Amino acid sequence: MGGLQEFYTVPDIVKQWAHYFYRHIRERNIPEIQSMYEISFLKLSDRYYKASPWPEVQHIAEVVDHDHVFCLLYKEMYFRHLYARCQPTLRDRCESWDNYIDLFGLLLTSNVNMQLPNIWLWDMVDEFLYQFQSFCQYRGKVQSMSPEEIENLKKCDKVWNIVEVLNILQALVDKSGIVAELEGDGGARQLEGYYPQSSNVLRMLGYFALTGLMRVHCLVGDYFTALKAIYPLNLHERTHLFTPRIPGAHITLFYYGGFSYLMQRRYLDAARCFNAVLLYIYRVKAAHRNSPQYEQMLKKNEQMYSLLAVCLALCPAAAKSLDENVLMQLRERQSDNMAAMARGDIDLYDSLFRDACPKFVTSTPPAYDQATTNTNQLAFRAQLNSFLLEVRSQQTLPQLKQYLLLYSSIALGRLAALMDVEEGALRQQLLCLKAKQRQLKWDGGKDMTAGTWTVASDLEFHIDVDAATGREMVLVSDSQTVATYAPLLAHHISRFEEIVRDLSLPPPVAAAAAAAPAAAAAPAAARA
């Protein structure tokens with residue numbers, strides 16, 4: 001390709017875009033930077049590079065004064081476009097990794113004084129982790145590679161290494177000081193503020209790296225550490241969260257948070273997370289209909305409704321925490337599936353999990369000389385089998401619960417006859433039902449793994465011996481409390497205040513456009 005590069009021609013309008021993009025970054029002109037990043041770059045991509053990469057950095061270096069920092073930023077966008085529109089080669093994957101190492105290394109070791117739009121900083125972290133995930137998926141398909149490809153892959157053992165990825169994310173968190181800041185005020189300080197004499201770059205990268213750490217731990221199946229990693233972000237007290245201002249960041253935070261709760265059998269907390277983010281998507285999706293992330297937003301919306309249906313099938317009491325709109329949408333989408341899961345349809349649990357779970361990765365490279373299967377499937381099947389093992393342990397419990405709801409007391413032997421099982425097996429099922437009704441529930445604080453044990457059921461029962469007959473009896477008491485109007489009114493007042501607060505905030509793109517000054521003639525030509 002070296003000979004072809006000598007004759008490579010960059011359209012003048014692309015050179016103008018690079019020049020003015022560089023100038024606005026130097027001038028810290030956030031509205032113009034955001035407009036050129038979110039709008040102009042996509043328009044030029046569709047016009048000139050719909051199915052091909054952007055010009056390599058050496059072709060635009062002259063118009064940006066060979067600025068090292070800008071060239072790193074440009075290459076970050078270059079590789080992101082390449083991953084989205086083309087098929088990256090192993091060389092592309094390695095070069096993109098090297099660019100991230102240089103970019104994050106510069107930000108961590110230098111006195112950064114530039115300002116960038118927060119949406120771009122989130123996209124950096126998100127794309128960094130997407131490319132890590134993509135490399136792990138690519139690396140796992142050894143059985144379809146040629147011997148030459150395998151030899152080249154062996155030489156890239158440090159590229160997209162999970163330990164290095166985690167170290168970079170943790171370094172961003174530590175260097176930014178974001179944990180100490182959030183511990184102090186809970187995020188009350190306006191994180192989106194751009195202060196004249198300071199940079200937002202490292203601070204916001206550290207903030208978004210918290211979500212990134214949770215995502216990586218979740219992808220390898222370490223769900224407890226995933227929830228630990230986002231400290232001190234609070235999934236249940238969202239007043240001071242910054243992520244609602246960036247839909248992709250907010251959806252990612254709650255998707256992986258809710259999934260981590262689900263896999264730890266904390267269905268009440270999982271349902272609470274999914275309810276919050278599904279209600280958020282319901283409110284904001286219309287404003288992002290023209291956004292490039294709109295399709296991904298809808299995909300995650302469907303996945304989380306599937307996961308919420310699983311939560312309610314395994315823990316019906318979780319329905320109490322759902323908003324009316326979410327519950328209505330859930331019934332429209334998943335009513336048949338929920339009925340089938342209530343009957344113990346294991347295949348349906350399997351299907352919904354496959355469609356809605358993350359793309360799991362293995363934390364170590366495969367044995368290249370012995371690999372005969374896709375190791376990505378091994379990672380996925382390990383998580384699937386763990387999930388289905390829990391589901392099978394509850395397979396007979398819905399039927400048992402239905403029988404118990406019919407009686408206030410019933411002899412153990414009679415209940416065993418009704419269910420056509422031995423008394424010993426029934427006693428085990430009763431103990432299992434009692435155990436499955438108890439789960440950890442978050443009860444305050446900034447630690448998302450903390451909680452108290454609670455009974456997640458309206459059904460209370462115990463086994464006792466009838467003094468008159470000497471028979472073992474199952475005594476059932478309905479623990480459902482009478483609903484009062486006060487909590488309902490308080491809930492709706494809280495919802496109304498949230499809606500008013502959200503409506504008072506303009507959409508990110510609209511806000512940038514409103515804040516942008518009248519564009520000069522040359523920049524306007526560059527963005528045409």
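None of these values were measured; they are calculated from a predicted model.
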Would you call [X] and [Y] a salt bridge, taking side-chain N to carboxylate O under 4.0 Å as the test?
{"X": "E460", "Y": "K434", "value": "yes"}
{"X": "D102", "Y": "K75", "value": "no"}
{"X": "E295", "Y": "R289", "value": "no"}

Report the relative orientation of the aromatic rings in [X] and [Y]; use parallel for angles under 30°, tilted for 30 to 60°, perpendicular for over 60°.
{"X": "W120", "Y": "Y37", "value": "parallel"}
{"X": "W97", "Y": "F128", "value": "parallel"}
{"X": "F254", "Y": "H250", "value": "tilted"}
{"X": "F242", "Y": "Y207", "value": "perpendicular"}
{"X": "W17", "Y": "F41", "value": "tilted"}

Less than 4.5 Å apart, side chain to side chain, heavy atoms only: is that true for [X] and [Y]?
{"X": "Y261", "Y": "L268", "answer": "no"}
{"X": "Q437", "Y": "L459", "answer": "yes"}
{"X": "F387", "Y": "Y349", "answer": "yes"}
{"X": "K300", "Y": "Y305", "answer": "no"}
{"X": "F380", "Y": "F353", "answer": "yes"}
{"X": "L219", "Y": "Y256", "answer": "yes"}
{"X": "L312", "Y": "L322", "answer": "yes"}
{"X": "F208", "Y": "L121", "answer": "yes"}

Is it the case that the side chain of [X] and the backbone of [Y] share a donor-acceptor pair, with hydrogens and angles ignored and the cut-off at 3.5 Å?
{"X": "T454", "Y": "A456", "result": "no"}
{"X": "N200", "Y": "L116", "result": "yes"}
{"X": "N167", "Y": "V163", "result": "yes"}
{"X": "Q133", "Y": "V216", "result": "no"}
{"X": "Q303", "Y": "D355", "result": "yes"}
{"X": "T252", "Y": "G248", "result": "yes"}
{"X": "S291", "Y": "Q293", "result": "yes"}
{"X": "S96", "Y": "R93", "result": "no"}
{"X": "R238", "Y": "L235", "result": "yes"}
{"X": "S393", "Y": "E390", "result": "yes"}

Rounded to the nearest 0.5 Å, what's the gap from [atom1] on [X] to [atom2] on [Y]? Could you check?
{"X": "D347", "Y": "M341", "atom1": "CG", "atom2": "CE", "answer": "12.5 Å"}
{"X": "L279", "Y": "L327", "atom1": "CG", "atom2": "CG", "answer": "12.0 Å"}
{"X": "T239", "Y": "R501", "atom1": "OG1", "atom2": "CZ", "answer": "6.0 Å"}
{"X": "F259", "Y": "Q264", "atom1": "CZ", "atom2": "CD", "answer": "11.0 Å"}
{"X": "L440", "Y": "R265", "atom1": "CG", "atom2": "CZ", "answer": "9.0 Å"}
{"X": "N290", "Y": "I39", "atom1": "CG", "atom2": "CD1", "answer": "10.5 Å"}

_Donor-acceptor pair between N337 and Q334 side chains, under 3.5 angstrom_ = yes

_Regarding Q131 and R80, do their side chains bring together a donor and an acceptor under 3.5 Å, going by distance alone?_
no

When you look at [atom1] of [X], are more than 12 heavy atoms from neighbouring residues, nucleotides or ligands closer to it than 6.0 Å?
{"X": "R26", "atom1": "CZ", "answer": "no"}
{"X": "Y294", "atom1": "OH", "answer": "yes"}
{"X": "K441", "atom1": "NZ", "answer": "no"}
{"X": "D336", "atom1": "CG", "answer": "no"}

*Would you check, one step at a time, whether the test side-chain contact (heavy atoms from CB on, under 4.5 Å) holds for I346 with Q395?*
CA-CA 8 Å; I346 297 295; Q395 196 168 7; 3.5 Å; yes

Minimum heavy-atom separation for [X] to [Y], with atom names?
{"X": "L182", "Y": "P232", "result": "CB-CG, 3.4 Å"}
{"X": "P117", "Y": "I33", "result": "CD-CG2, 3.4 Å"}
{"X": "L202", "Y": "S176", "result": "O-CB, 3.2 Å"}

*With respect to Y100, which candidate in E76, E127, E164 satisfies the side chain to side chain donor-acceptor pair (under 3.5 Å) definition?*
E76

*Check salt bridge (Lys or Arg N to Asp or Glu O under 4.0 Å) between R333 and all other residues, then give those that pass, not counting sequence neighbours.*
E302

*Pairs satisfying side-chain hydrogen bond (donor to acceptor under 3.5 Å, both in side chains), at least one member in residues 223-234, at least two apart*: E183-Y231, D222-T225, Y223-Q383, K228-D447

*Would W54 and M77 count as a side-chain contact (heavy atoms from CB on, under 4.5 Å) if you check the C-alpha gap in whole Å, the side-chain angles of each, and the deciding distance to 0.1 Å?*
CA-CA 9 Å; W54 268 64; M77 296 175 67; over 6 Å; no

*asked:* Could you check, using the six-membered ring where one of them is a Trp, whether H288 and Y280 have ring centers closer than 6.0 angstrom?
replied: no

*With sequence neighbours excluded, tell me which residues meet side-chain contact (heavy atoms from CB on, under 4.5 Å) with E332.*
M328, Q329

*Go through I101 and I168 one step at a time and tell me if the side-chain contact (heavy atoms from CB on, under 4.5 Å) criterion holds.*
CA-CA 8 Å; I101 291 294; I168 289 172; 3.5 Å; yes

*Decide side-chain contact (heavy atoms from CB on, under 4.5 Å) for V173 and V179; before the verdict, give the C-alpha distance in whole Å, the side-chain angles of both, and the deciding distance to 0.1 Å.*
CA-CA 7 Å; V173 172; V179 171; 3.7 Å; yes

